[in-house]
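Working notes, structure below.
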Amino acid sequence: MNAAADTAGGTPILRAESVTKRFSGLVSVDQVSFEMRKNEILGLIGPNGAGKTTLVNMISGTLRPNEGALYFEGQPIDALAPYKRAHLGICRTFQVMKPFPGMSVLENVTVGALFGRDGGETAMAKARESARDWLDFTGLSHRIDARADSLGGPDRKRLEFAKALAMGPKLLLLDEVMAGLNSVEVEEVIELIKKMRERGVTILVIEHVIKAIRSLSDRVLVLHHGQKIAEGDPAAVLEDPQVVEAYLGRRRH
Ligand SMILES: Nc1ncnc2c1ncn2[C@@H]1O[C@H](COP(=O)(O)OP(=O)(O)OP(=O)(O)O)[C@@H](O)[C@H]1O
Ligand SMILES: [Mg+2]
């Protein structure tokens, strides 16, 4: 029997099968397997250097696994360039944000709308209109004509979200979008992520802010030295002695 058919909602939107990535002999992601169901929020945690960003890079296509395979909606994706994966609906934000600096906020998000899921089929006027909608959604309408590089931290995060959302993601990969935000701003971003999910987006959240992981995640996956050491219900995983030892306990010091 096909195990995938057993999961609620049919074929998983994403399936990783024993994915491994090595850099000059060192294993950064070590035979990691997991699935994501449509419309779920999966929290991905682990200490610095655990392999979280490397895993996201393999899903979005900037890196290819040395071993193993990734499937999106049942189709193998490892041979596809990042832009082709974006056309399928796999979009990501970057841990180090990359706005187009000389361009306005509106232009940045319009680029997202032009090069996202519809893959070059979107007319400029429609793309701009969609960009305005997403800037409204993310609370950045008042900075629409500002240069992207003039934005402060929280507004840059909103811009990253608006750009990613304008691409029409089915699967959104968020790599530490809360880093450097204060607790009020963290709450705002949590609400924004919840709103995205209500719109039908499936979301992978990498975050060191455990409060956010707890409040957002349907399930949590923990990486340590590139290996999956726990996966499942957030409360149970965050209490798991191995996880506390590897990660949470250490961060208390
Ligand atoms: N391009 C690369 N070349 C060589 N080594 C790399 C490269 N990218 C990542 N690594 C190594 O792979 C390991 C995992 O790094 P990764 O950035 O995936 O960790 P992370 O879990 O995202 O950590 P953080 O929480 O600090 O962002 C680290 O040892 C890192 O030095
Ligand atoms: Mg990282």
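Start at 1 with the first residue, then count along the sequence. Both ligands and their constituent atoms are indexed starting at 1 by order of listing.
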Ligand 1 contact by E176, heavy-atom criterion under 4.0 angstrom | yes
Residues T138, R158; criterion side chain to side chain donor-acceptor pair (under 3.5 Å); working and verdict | CA-CA 6 Å; T138 51; R158 289 195 180 92; over 6 Å; no
Find all atoms of ligand 1 within a distance of less than 4.0 Å from any non-hydrogen atom belonging to T54, and give their numbers and elements.
-> 9 (C), 14 (C), 15 (O), 16 (P), 18 (O)
For ligand 1, which atoms sit closer than 4.0 Å to a heavy atom of N48?
-> 23 (O), 24 (P), 25 (O), 26 (O)
Which atoms of ligand 1 have any heavy atom of T53 under 4.0 Å away?
-> 17 (O), 18 (O), 20 (P), 22 (O), 27 (O)
K170/V201 under side-chain contact (heavy atoms from CB on, under 4.5 Å): CA gap, chis, key distance, verdict | CA-CA 5 Å; K170 290 182 182 171; V201 182; over 6 Å; no
The Mg ion (ligand 2) reached by N48 (N, O or S, under 2.8 Å) | no
Carboxylate-amine/guanidinium proximity below 4.0 Å for R128 and E107 = no
For D175 and T53, test the side chains for any donor-to-acceptor distance below 3.5 angstrom and give the result as yes or no.
-> yes
Minimum heavy-atom separation for A164 to L172, with atom names?
-> CB-CD1, 3.6 Å
Any atoms of ligand 1 less than 4.0 Å from a non-hydrogen atom of H208? List them with their elements.
-> 25 (O)
Should you measure from each heavy atom of S28, which atoms of ligand 1 turn up under 4.0 Å away?
-> 11 (C), 12 (O), 13 (C)
Any donor-acceptor pair under 3.5 Å from S130 side chain to A166 backbone = no
Among H224, H225, K52, closest by any non-hydrogen atom to atom 21 (O) of ligand 1 = K52
Determine, for K211 against E187, whether the closest basic-nitrogen to carboxylate-oxygen distance falls under 4.0 angstrom.
-> yes
Is the closest N or O pair between F23 and ligand 1 shorter than 3.5 Å?
-> no
If we only count N/O pairs under 3.5 Å, is G46 in contact with ligand 1?
-> no
